[in-house]
A.B. asks: 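Dropping a structure here in structure tokens format, bear with me for questions.
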Amino acid sequence: MEKTKKPFYEKVWFWLLVVVLICIAGAGGSSSTNTSSTTASKSADSSSVYSSSSSSASSSSQQDTTTQNQKNALRSAETYSRMMHMSKTAIYDQLTAQAGDKFSPEDAQYAVDNLKADYNNNALESAKTYQKTMAMSSDAIYDQLISQAGDKFTPEEAQYAVDNLPK
């Protein structure tokens with residue numbers, strides 16, 4: 001009988017780590033985040049390539065209209081990106097999950113739209129972890145990175161990661 005391993009996000013240690021990271025982020029004091037105004041429509045399709053436009057003049061007016069839930073969702077998204085190297089889609093899913101942060105789809109979309117993240121780097125860091133700790137092949141790493149039951153990176157981000165893994 002063949003045993004299949006659960007993906008890391010279905011393991012207890014993963015969720016304990018998430019809770020600890022959220023607690024740390026919540027107690028982290030005041031961190032200044034410069035958000036920029038975007039007029040793009042709010043789409044639930046969080047798998048599109050991240051793009052941003054930065055305007056310091058519009059940041060003060062944006063701060064006036066940003067809700068506390070949007071600010072909190074963005075802080076959580078920053079933690080997921082920085083500490084756990086998650087993809088844009090995975091961050092959105094975690095922010096809106098009932099077993100996760102429980103933010104509204106609109107607040108989660110605001111967070112991923114305003115998150116300044118290097119998703120190629122996130123994919124590479126995740127790939128390095130798979131290579132080092134799980135001794136996975138490049139093909140298996142690529143499949144895990146793009147899997148909807150896995151990391152949910154775009155094919156381009158996954159390919160970048162695989163192409164830039166240490167040899």
A.B. asks: Would you check, one step at a time, whether the test side chain to side chain contact (heavy atoms under 4.5 Å, CB included) holds for D107 with L95?
C.D. replies: CA-CA 9 Å; D107 292 338; L95 292 173; over 6 Å; no
A.B. asks: Report yes if the side chains of I91 and L115 come closer than 4.5 Å at any heavy-atom pair, otherwise no.
C.D. replies: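 Side chain of I91 against side chain of L115, heavy atoms only: contact under 4.5 Å found.
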A.B. asks: Checking A158 now: which residues fulfil side chain to side chain contact (heavy atoms under 4.5 Å, CB included) with it, not counting sequence neighbours?
C.D. replies: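 Listed in chain order: Y142, L145, I146.
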A.B. asks: Checking D151 against Y130: is there a side-chain donor and acceptor pair closer than 3.5 Å?
C.D. replies: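 Yes, a side-chain donor-acceptor pair sits under 3.5 Å.
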A.B. asks: Hey, does the side chain of Q70 reach the backbone of T67 with a donor-acceptor pair shorter than 3.5 angstrom?
C.D. replies: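 Yes, because the side chain of Q70 sits within donor-acceptor range (under 3.5 Å) of the backbone of T67.
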A.B. asks: Does R75 form a side chain to side chain contact (heavy atoms under 4.5 Å, CB included) with E78? I'd like the steps, not just the answer.
C.D. replies: CA-CA 5 Å; R75 283 181 48 201; E78 289 167 344; 4.2 Å; yes
A.B. asks: Can you name the side-chain hydrogen bond (donor to acceptor under 3.5 Å, both in side chains) partners of S81, sequence neighbours left out?
C.D. replies: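 Scan of S81 (side-chain hydrogen bond (donor to acceptor under 3.5 Å, both in side chains), adjacent residues dropped) gives N122.
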A.B. asks: With sequence neighbours excluded, tell me which residues meet salt bridge (charged side-chain N to carboxylate O under 4.0 Å, His left out) with K128.
C.D. replies: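 By the salt bridge (charged side-chain N to carboxylate O under 4.0 Å, His left out) rule, K128 matches E125.
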A.B. asks: Only counting residues at least two apart or in another chain, list the ones meeting side chain to side chain contact (heavy atoms under 4.5 Å, CB included) with S147.
C.D. replies: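 By the side chain to side chain contact (heavy atoms under 4.5 Å, CB included) rule, S147 matches A149.
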A.B. asks: If you look at every heavy atom in E157 and Y119, which pair is closest and at what distance?
C.D. replies: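 Scanning both residues completely, I find the closest heavy atoms to be OE2-CB, 3.1 Å.
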A.B. asks: Look up atom CE in M84 and atom CD in Q94, then write down how far apart they are to the nearest 0.5 Å.
C.D. replies: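 It is 7.0 Å, given to the nearest 0.5 Å.
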A.B. asks: From Q109 CD over to N114 CG, what is the distance, rounded to the nearest 0.5 angstrom?
C.D. replies: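 Nearest 0.5 Å value for the CD-CG distance: 9.5 Å.
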A.B. asks: Taking all heavy atoms of Y80 and all of D101, pick out the closest pair and write down the distance.
C.D. replies: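 Y80 and D101 have their closest heavy atoms at OH-OD1, 2.5 Å.
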A.B. asks: Taking all non-hydrogen atoms of both residues, which atom of A77 and which atom of A111 are closest, and how far apart?
C.D. replies: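 Taking every non-hydrogen atom into account, CB-CB, 4.1 Å.
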A.B. asks: Excluding sequence neighbours, so at least two apart, what forms side-chain hydrogen bond (donor to acceptor under 3.5 Å, both in side chains) with Q68?
C.D. replies: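 If we apply the side-chain hydrogen bond (donor to acceptor under 3.5 Å, both in side chains) test to Q68, skipping adjacent residues, the hits are N72.
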A.B. asks: Distance from N69 atom CG to K71 atom NZ, nearest 0.5 Å?
C.D. replies: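 Answer rounded to 0.5 Å: 11.0 Å.
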A.B. asks: Which distance, rounded to the nearest 0.5 Å, do you find between the OG1 of T89 and the CZ of F153?
C.D. replies: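 If I round to the nearest 0.5 Å, the distance is 9.5 Å.
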A.B. asks: Between CD of Q131 and OG of S138, what distance do you get to the nearest 0.5 Å?
C.D. replies: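 If I round to the nearest 0.5 Å, the distance is 6.5 Å.
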A.B. asks: Filter on salt bridge (Lys or Arg N to Asp or Glu O under 4.0 Å), then keep only pairs touching residues 132-148, sequence neighbours left out; what's left?
C.D. replies: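 Qualifying pairs: none.
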A.B. asks: Side-chain contact test, heavy atoms from C-beta onward, threshold under 4.5 Å: evaluate it for S76 versus F103 and give yes or no.
C.D. replies: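 Heavy-atom side-chain distance check passes, below 4.5 Å.
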A.B. asks: How would you list, by chain and number, every residue that makes a side chain to side chain contact (heavy atoms under 4.5 Å, CB included) with A140, sequence neighbours excluded?
C.D. replies: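 Partners of A140 under the side chain to side chain contact (heavy atoms under 4.5 Å, CB included) test: M136, S137.
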A.B. asks: Sequence neighbours excluded, which residues qualify as side-chain hydrogen bond (donor to acceptor under 3.5 Å, both in side chains) partners of N121?
C.D. replies: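 N121: no side-chain hydrogen bond (donor to acceptor under 3.5 Å, both in side chains) contacts found.
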A.B. asks: Once side chain to side chain contact (heavy atoms under 4.5 Å, CB included) is applied, do any residues pair with Y160, and if so which ones, sequence neighbours excluded?
C.D. replies: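 Per chain and number, Y160 pairs via side chain to side chain contact (heavy atoms under 4.5 Å, CB included) with N120, L124, N164.
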A.B. asks: Verify side chain to side chain contact (heavy atoms under 4.5 Å, CB included) between S87 and Y92, making sure each step is shown before the conclusion.
C.D. replies: CA-CA 9 Å; S87 68; Y92 177 88; over 6 Å; no
